[in-house]
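For reference, the structure discussed in these notes is given below.
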Amino acid sequence: MKPSHPLRFRAALCVVAVCAYLASRPAVSAPAAKPLSSFDPQAKALVAQMTLDEKIGQMTQPDQEFIKDPSDIEHYFLGSILSGGSSDPKEGNSLEAWTNLYDRLQRHTSLTRLKIPILYGIDAVHGHNNILGAVIFPHNIGLGCTRNPALVEKVERVTAEEVRATGIQWAFAPCVTVPQDIRWGRTYEGFSEDPQIVRQLAGPAVRGLQGSDLANPLSVLACAKHFVGDGGTAFGSARGGRGLDQGDTRVDEATLRRVHLQGYISAIEAGVGSIMPSYSSWNGVKVSGNQRLLTGILKQELGFQGFLISDYNALDQVDRDFKKAIGISINAGMDMAMVPSKYKEYIADLKQLVAEGVVPMARIDDAVTRILRVKFAMGLMDKNRSPLADRGLARTFGSPEHRAVARQAVRESLVLLKNRNHVLPMAKTAARIHVAGKNADDIGNQCGGWTIDWQGKSGTVTPGGTTVLAAIRKAVSGKTAVTFSKDGTGAAGATVGVVVIGELPYAEMNGDRADLHLAPEDVAAVANMKSAGIPVVVILFSGRPMILDAVLDQADAFVAAWLPGTEGQGIADVLFGDYKPTGKLSFAWPRSMAQVARHPGDPGYDPLFALGYGLSY
Ligand code: GLC
């Protein structure tokens, strides 16, 4: 018989519970920043003084690796520079090398008439991931499973501070794609297949990066990407019928808005200062040349006041004729062109297009005003502020405090899919824990793509991280033996086995897959461990759900860990029960390849684990 509590006692319990919940959630984020258009008086006054060459220079973004002579910066009045995925300083990837590169290039702008500082852009998509020793956070697919906007904001706040430690002030993040087919290689860059989860997290991510004031020296300019429908392309619509990345999204406008526009709505509400149009097409027309989308919907209907930056050489895909492509894209509403190597050609062509009347001066002035609005809002134009790096920020770069935020993000991103006979949580006093799998002791595989290199790679790619094996060793008592074999042999006699399997690093089109079954090596490692007759915990590092038919039955417990980044101790926290799993799937988990790309309402929709699924202890 359940003890009956007097009503007032139950009411008191509810109050306590609500207070506990509210206390667990950090204060609501700061109010939105000043609208960018409030900087128009200064921006327009400056545009009025500028020559056409100076204006076009602001609309040009080369990649530093292709700038053979840095005096091009003052010669072409360049307004921005990027480092693409593997475009690193010649001196290597240390914090100092990156900071010296940034300062060296930024100093050139003081040699120009107007001294407009460059905006330096980089893909800080899960921490300042190009720099050795940076804290690497879970990729967005894991953050989506936290369903925690306040945590996502905090993750991006730390990322912004580590980006600023190199002087760099612009992150090409957050990716607010809504992947609809997990065969796409960029699935893990999305928070979720559910547009409402993306909408819930996009705004906080922007606020984390930009802070409540873009002029804060710890804020960086965010860049919501890739507008619009990048995650909705049809399988086989890209690159000769083999892939999805940069393909064609074939949906009606209502679907495009319902599914793919949601992240931009909350990003714009949060004051995002830049947006990156997609390589992909919408019903056969390249988005980066589509005036209705870039100007009609984004700038006019949604009131986006920042500027549009094209994707890497995306203009090349708008038309086979580069000069024609420039005219189409700039007239469609593109404001700055990411022209990594062809920046001199771009400048000459755009100048000619203006002279020929193909691109009106009003369009040039609008683009430059938008770019300068952002630079004024960031305090870049403040003559009392140096645009060079604040080298004092090195003291918190990769710090224990920053790693603690990443560890919490790891804890909350894990999704417990199975836990037969309560194998988890494991005891820290177990006699012996046998660890196996190709991903158990590999920071590179743990971080995935966009880590130090564009594609990422296996091995100890960056210092300061903790692998699962190291984390388990750190967590257990002195009397517990922790043994390891990559292939799962030698487990006999252990109390419990942990096998860490999954994908190897990849990025973008290199991750497009027609088949998502596990590698034979992974299946063998689980089988070997199971043949020892002990309970088996399987942990999957992957950029998306995978087909589990070969291992799920053998696993007594199964944890989807996505691409957790450097802080593997967060995984041990869940394995040993120091943190009870709270993660919920942000993508439905298909039973088979036949089910991939099906969504609620589709015939035959029958996922192995539904969107939102997740167990706890
Ligand atoms: C890449 C990606 C984009 C990235 C840009 C700069 O191709 O599509 O997400 O921001 O180029 O590296």
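Just so you know, ligand 1 is whichever comes first in the structure, and atom 1 is the first atom listed for that ligand. Because only heavy atoms are used, hydrogens play no part in the values below, and waters and symmetry mates are left out as well, while side chains stay in.
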Open item on the list: For a quick check under 3.5 Å, do Y343 and D72 share a side-chain donor-acceptor pair by atom type?
Closed with: yes
- [ ] Compare every heavy atom of A165 with every heavy atom of L95, then report the nearest pair and how far apart it is.
- [x] CD1-O, 3.9 Å
Task: Residue and atom name of the nearest protein heavy atom (relative to atom 6 (C) of ligand 1), distance in Å to one decimal - done: D123 OD2, 3.3 Å
Open item on the list: Distance under 4.0 Å to a non-hydrogen atom of F172: what atoms of ligand 1 satisfy this?
Closed with: 10 (O)
Task: Derivation of the ring-ring contact (aromatic ring centres under 6.0 Å, His included) call for W170 and F307 - done: CA-CA 13 Å; W170 187 9; F307 66 88; 5.3 Å; yes
Open item on the list: For the 3.5 Å polar cut-off, considering only N or O atoms, please tell me whether E189 and ligand 1 meet it.
Closed with: no
Open item on the list: Any heavy atom of W454 closer to ligand 1 than 4.0 angstrom?
Closed with: no
Open item on the list: When you measure from the heavy atoms of R186 to every atom of ligand 1, does any distance fall below 4.0 Å?
Closed with: yes
TODO: Could you tell me which atoms of ligand 1, counted from 1 in the order shown, lie closer than 4.0 angstrom to a heavy atom of K225?
DONE: 3 (C), 4 (C), 9 (O), 10 (O)
TODO: Heavy-atom contacts with Y279 under 4.0 Å: which atoms of ligand 1 show up? List them by number with element.
DONE: 7 (O), 8 (O)
- [ ] Number the atoms of ligand 1 from 1 as they appear, then name those within less than 4.0 Å of a heavy atom of Y312, with their elements.
- [x] 7 (O), 11 (O)
TODO: May I ask you to check whether T109 and E74 show a side-chain donor-acceptor distance below 3.5 Å?
DONE: no
TODO: Check the side chains of S219 and Q210 for a donor-acceptor pair under 3.5 angstrom, ignoring hydrogens and angles.
DONE: no
Open item on the list: So which atom in L380 and which in Q169 form the shortest heavy-atom distance, rounded to 0.1 Å?
Closed with: CD2-NE2, 3.8 Å
- [ ] For the pair H128 and W98, name the ring-plane relationship: parallel under 30°, tilted 30 to 60°, perpendicular over 60°.
- [x] tilted
- [ ] Output the list of atoms in ligand 1 that are nearer than 4.0 Å to some heavy atom of H226, sorted by atom number.
- [x] 3 (C), 8 (O), 9 (O)
- [ ] Report the nearest protein non-hydrogen atom to atom 5 (C) of ligand 1: residue, atom name, distance rounded to 0.1 Å.
- [x] D311 OD1, 3.3 Å
